[in-house]
Engineer: 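Let me begin by handing over the structure; questions about it come next.
The sequence lines fix the lettering, A, B, ..., with proteins before strands; numbering per chain opens at 1.
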Amino acid sequence: MDKQDSLDLFAEQGKFMKGKHLVTIFHNEQNLYTVLRIRVEETNEQYDDKEAVITGYFPKVHEQETYTFFGEVKEHPKFGAQFHATHFRKDLPQSKQGIISYLSSDLFKGIGKKTAEKIVETLGEKAIAKIIDNPSVLDQIPKLAPEKAKDLYDSLMEHQGLEQVMVALNEYGFGPQLSMKIYQVYKEQAIEVIQNNPYKLVEDIEGIGFGRADELGSQLGLTGNHPDRIKAACLYTLENSSIQGGHVYMEAESLLVDVKKLLEDNQNFEIEFTEISQEIIKLGEEGKLISEEQKIYLPSLYYSEKGLVAKVKKILDQTEYENQFPESEFLLALGNLEERLNVQYAPSQKDAIQTALMSPMMILTGGPGTGKTTVIKGIVELYGELHGCSLDPRDYKKEEPYPFLLAAPTGRAAKRMTESTGLPAVTIHRLLRWNGAEGFEYNEDQPLEGKILIIDETSMVDIWLAYQLFKSLPDNIQVIMVGDEDQLPSVGPGQVLKDLLDSGRIPTVRLTDIYRQAEGSSIIELAHQIKKGLLPADISVQKSDRSFIQCTTNQIPQVVEKVVASAKKKGYSPKNIQVLAPMYRGPAGIDRLNELLQTLFNPNADGTRKELAFGDIKYRIGDKVLQLVNQPEANVFNGDMGEVIAIFYAKENVEKQDQLIVSFDGIEVTYNRPELSQITHAYCCSVHKSQGSEFPIVVLPVVKSYYRMLRRNLIYTAITRSKQFLILIGEEDALKMGIERGQDKERNTTLVEKLVEMLPEWSGNRIDSKILPDVNRKNYMGIVKNADPMIGMGNLTPYDFMEENEA
DNA sequence: CACCCCTA
């Protein structure tokens, strides 16, 4: 089998598009993300245009060369149809004439037409494959100097290197996706690196764990207590603890224990602790990990904490905000604003706005419904008023940058920020111009321009991103961080918001009064208890707005069905009633509940309705669906919910594609079949996905089979999604266990101690917001967006949703 | 066992 044939290993299945490269529209040097246009020569896609846009991760693609791309056509909301390629192959010229013009082209210095002809005469139509296989065949070419032969071979390798490496990696058992990643890092040296030290892959390639590398290692004879093996196990264990457990460091002792276990579990060979600590010391000397007082860090995490603290200090050192305008001026402007917006701020909200404007940095924290959004709106409005600057970005020229930077860790939180303030807000990644693979355009060398930064949903910001953001800030900026420390912690390592608050070094305003719920809400009371780790004694007692129905895991589906059916009968739609669960699988998992709820809300009893099947899901018109990825161009984001409004089969439309049309509050998005993986049913969704949303009725099953997921902040996040009714279903034991679990699994961080060491204590006066003057509560709600009116509640209680269940 | 960010 020669190389050209073996390359066809990758062509075995799927769609391809072959054509000549016309122009590269975009190429990211860092991560190789490439957008290019080709003239289509051949394809098995339904594609009528003569030209096509290809996207994917490619090393340099040469102009005028012909390539075959493998992948699928996808619809981009702004740029239209494009072919997303997972891998590609450069087509070697097939005809003698083709090879001659290829070899005599500019790609091969010093090879003219004459020499090219000679090569083909001597080696035949498979000349290129033969040379790649064994460069010494070039010795047969008359009058070809050895240096030229070497140049030719090197150039060929450079152009064909990717394919070479891909084939070899395939033999090591790596698929095209992972192979491409490996190639991006090591280029033509990939195979050499793997043969020398396969454990290096653990360090360099995301997605290759110790287990995989150790398999290669033992094939290559690097076994037992080989230093490379031990080192890799150390780094892997540390990385794992930060990615899986959210820790910023590991105690040296537990690192030793975990590493020993990993090494011995994988191969039957006893490892001494001293052997491990020796390698840890060496890794320290190589700068691959950092140890301080028996705490072992990955360098990126250590420097993130350190750098964040240094920058926070710099920002807090600014003194010019405190007395920039007299308090009387602030109060006057605040009064005008209240009149203009027809709202009245509570004392704690006024305090928050004032502290934000008069301090270099502030944290605004509080649970759902405490008016954080209202305060953000107040801050930007008043900032504009007091500084006499417009809130409209269009009023700014290039030399006078827009002063307001609004950002959030998720697309959806940014979208909400835009809606509630009327100002542009983006994800933190977009703000910093992220270009994939470790590239942020903004950093310490090229800082952002702006005067005031507001970050919402700060609880979701991990230590890496926090550092990246702060180091990209100018020194003369005001920073306001908004969030709820009791919600789910960030996906990435650290607990930045909680640590900043716990340090007591940052000006902070806590909002505690709830303006969104009815007065005397027992849901809020429950939330407060859960925050303290307590399960109220009256949990099983029926309240006006919450209830608890006891049942086992296996009864969950039928009880959920009864409760929801009862709500449906009372006129609630799927939009108003949200079932939340922590996990997808299992008899009480999201998948099972979605199936059942679809049958309840949107059945197809006689089988005559139009359906589009994707995997295990059958979509019907009227289905409630959840968006799983961001589509900023369409203003639709991960976590948004919508409704299926149309289904087209391939034979019914010009695109010849199965299509699903979903409406997200009026925004219509079309999903071709391949894009259906971007949505799922939403009758029941995960607690994680519900973060940032609220619903009139929340139905929350809690059973011991969710064991791994049950934690205090998960339960807190889930129950605080409900605005009117909360119906808990399941086992009291499980609920109790979940609420009590939280403290013991704290994340290892040293941010608090670093802040405390570097910064003076903040001695701001906190307004006790319990002492509220008697003002009209309705007015507080005035500018809270989405404070949808209670939907014809009358005197309903959760009990009304379960009357049939009493037997 | 679940979750974030994305380049014209």
Side-chain angles (χ1 to χ4, degrees), chain A residues 23-37 53-58 74 76-84 206 242-246 407-415 426-442 455-466 468-469 483 487-497 580-586 588-591 626-633 637-639 678 680 685-693 703-711 713-715 717-718 738 741 745 747:
Chain A
V23 62
T24 297
I25 299 168
F26 178 81
H27 179 71
N28 181 330
E29 287 282 340
Q30 304 280 325
N31 69 351
L32 307 182
Y33 177 76
T34 306
V35 182
L36 57 91
R37 183 178 292 281
V53 172
I54 313 283
T55 70
Y57 296 83
F58 314 126
K74 293 199 176 174
H76 189 287
K78 190 163 148 197
F79 302 111
Q82 16 182 257
F83 192 79
H84 288 213
E206 204 189 310
S242 65
I243 287 167
Q244 297 295 315
T410 67
R412 207 154 59 95
K415 178 182 172 181
V426 292
T427 62
I428 297 173
H429 285 79
R430 283 206 158 199
L431 181 74
L432 302 177
R433 302 254 174 93
W434 191 55
N435 312 316
E438 282 152 82
F440 285 94
E441 210 173 300
Y442 286 105
I455 299 295
D456 201 358
E457 297 283 12
T458 310
S459 59
M460 297 193 214
V461 178
D462 64 37
I463 186 68
W464 285 314
L465 189 61
Q468 184 65 43
L469 174 64
Q487 288 198 27
L488 295 163
S490 55
V491 173
Q495 39 183 25
V496 175
L497 178 67
L580 298 176
M583 50 200 271
Y584 286 92
R585 278 181 273 173
I590 295 163
D591 294 334
L626 178 73
Q627 173 77 14
L628 298 170
V629 298
N630 284 350
Q631 275 208 47
E633 310 288 352
F637 294 89
N638 184 353
Q678 296 179 7
T680 184
C685 81
S686 70
V687 176
H688 279 84
K689 287 278 182 196
S690 76
Q691 181 148 249
S693 299
V703 284
K704 282 193 286 284
S705 65
Y706 297 153
Y707 173 80
R708 310 165 144 278
M709 295 300 298
L710 292 179
R711 283 183 196 285
N713 40 23
L714 181 113
I715 295 170
T717 303
R741 197 153 57 141
K745 196 74 184 171
R747 295 182 167 196

Engineer: Which one, dA8(B), dC4(B), dA2(B), comes nearest to the side chain of Q82(A)?
Structural biologist: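 Shortest atom-to-atom distance from the side chain points to dA8(B).
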Engineer: Please name the pair of heavy atoms, one in N713(A) and one in P489(A), separated by the smallest distance, quoted to 0.1 Å.
Structural biologist: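 So the two residues come closest at ND2-CD, 3.4 Å.
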Engineer: Look at the side chain of V35(A) and decide which nucleotide, out of dA8(B), dC4(B), dC6(B), has an atom nearest to it.
Structural biologist: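 Closest nucleotide among those given: dA8(B).
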Engineer: Tell me the interatomic distance from Q627(A), atom CD, to dC4(B), atom P, rounded to whole angstroms.
Structural biologist: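 My rounded result for the distance is 12 Å.
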Engineer: From CG of N713(A) over to C1' of dC1(B), roughly how many Å is that when rounded to an integer?
Structural biologist: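 So the two atoms are 14 Å apart, to the nearest Å.
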Engineer: Rounded to whole Å, please give me the gap between CD1 in I590(A) and P in dA2(B).
Structural biologist: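 Rounding to the nearest Å, CD1 of I590(A) and P of dA2(B) are 7 Å apart.
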Engineer: Can you name the residues that form a side chain to side chain contact (heavy atoms under 4.5 Å, CB included) with L628(A), not counting sequence neighbours?
Structural biologist: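 Partners of L628(A) by the side chain to side chain contact (heavy atoms under 4.5 Å, CB included) criterion, ordered by chain and then number, come out as L626(A), T680(A), K689(A).
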Engineer: Heavy atoms only, 4.0 Å cut-off, all strands: where does Q487(A) land among base, sugar-phosphate and nothing?
Structural biologist: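 Counting heavy atoms under 4.0 Å across all strands, no contact is made by Q487(A).
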Engineer: Of V53(A) and H688(A), whose closest DNA chain B nucleotide lies nearer the 5' terminus?
Structural biologist: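 Checking each residue's closest nucleotide, the 5'-ward one belongs to H688(A).
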Engineer: Report yes or no: is there a donor-acceptor pair, N or O only, under 3.5 Å between the side chain of H429(A) and the base of dC5(B)?
Structural biologist: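 Donor-acceptor pair under 3.5 Å: yes.
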Engineer: Whole-Å distance between dC3(B) C1' and L488(A) CG?
Structural biologist: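 Answer to the nearest Å: 8 Å.
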Engineer: Side-chain donor or acceptor of E633(A) under 3.5 Å from a matching atom on the base of dA8(B)?
Structural biologist: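 Checked by distance alone, the answer is no.
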Engineer: What's the CG-P distance between L628(A) and dC4(B), to the nearest Å?
Structural biologist: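 Taking CG of L628(A) and P of dC4(B), I get 8 Å after rounding.
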Engineer: Taking only residues two or more places apart in sequence, or in another chain, which ones meet R430(A) in a salt bridge (charged side-chain N to carboxylate O under 4.0 Å, His left out)?
Structural biologist: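 With neighbours one apart ignored, the set is empty.
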Engineer: Measure CG/D462(A) against C1'/dC3(B) and give the value in whole Å, please.
Structural biologist: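 Taking atom C1' of dC3(B) as the reference, CG of D462(A) is at 11 Å.
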Engineer: Return the minimal non-hydrogen interatomic distance between A413(A) and A408(A), and the atom names on each side.
Structural biologist: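 Nearest heavy atoms, A413(A) then A408(A): CB-CB, 3.6 Å.
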Engineer: Which nucleotide, dC1(B), dA8(B), dC4(B), lies nearest any side-chain atom of K689(A)?
Structural biologist: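 The listed nucleotide nearest to K689(A)'s side chain is dC4(B).
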Engineer: Tell me whether the OP1 or OP2 atom of dC6(B) has a side-chain N or O from T427(A) closer than 4.0 Å.
Structural biologist: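 Yes, because at least one side-chain N or O of T427(A) sits under 4.0 Å from OP1 or OP2 of dC6(B).
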Engineer: Could you tell me whether M583(A) contacts a base, only the sugar-phosphate backbone, or nothing, with contacts defined as non-hydrogen atoms closer than 4.0 Å?
Structural biologist: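 Sugar-phosphate: the residue M583(A), judged by heavy atoms under 4.0 Å, touches backbone atoms but no base.
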Engineer: What is the nucleic acid contact for G411(A), judged by heavy atoms within less than 4.0 Å: base, sugar-phosphate only, or nothing?
Structural biologist: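 Sugar-phosphate contact only.
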Engineer: By nearest atom, which of the nucleotides dC5(B), dA8(B), dA2(B) is closest to the T410(A) side chain?
Structural biologist: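 Out of dC5(B), dA8(B), dA2(B), the nucleotide with an atom closest to T410(A)'s side chain is dC5(B).
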Engineer: dC3(B) phosphate, OP1 or OP2: any side-chain N/O from S686(A) under 4.0 angstrom?
Structural biologist: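 Checking S686(A) against dC3(B): at least one side-chain N or O falls below 4.0 Å of OP1 or OP2.
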Engineer: How many angstroms lie between CD1 in I25(A) and OG1 in T55(A), if you round to the nearest 0.5 Å?
Structural biologist: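 Reported value, rounded in 0.5 Å steps: 10.0 Å.
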Engineer: Using 30° and 60° as the class boundaries, would you call the ring planes of F440(A) and W434(A) parallel, tilted or perpendicular?
Structural biologist: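 Tilted.
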Engineer: Between P632(A) and P582(A), which has a closest nucleotide on DNA chain B that is more 5'?
Structural biologist: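 In this pair, the answer is P582(A).
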Engineer: Given dC1(B), dC3(B), dT7(B), identify the nucleotide with an atom nearest to the side chain of F26(A).
Structural biologist: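 Nearest to the side chain of F26(A) among the choices is dT7(B).
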Engineer: For the pair made of CZ in R430(A) and C1' in dC5(B), what is the distance, rounded to whole Å?
Structural biologist: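 So the CZ-C1' distance, R430(A) to dC5(B), works out to 10 Å.
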Engineer: Does a side-chain N or O of Y707(A) approach OP1 or OP2 of dA2(B) to a distance below 4.0 Å, or not?
Structural biologist: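 Checking Y707(A) against dA2(B): no side-chain N or O falls below 4.0 Å of OP1 or OP2.
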Engineer: Can you check the K415(A) NZ to dC4(B) P distance for me, whole Å?
Structural biologist: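 From K415(A) NZ to dC4(B) P: 15 Å.
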Engineer: For a quick test of reading the model: is some side-chain N or O of R412(A) closer than 4.0 Å to OP1 or OP2 of dC4(B)?
Structural biologist: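 For R412(A), the contact criterion (side-chain N or O under 4.0 Å from OP1 or OP2 of dC4(B)) is not met.
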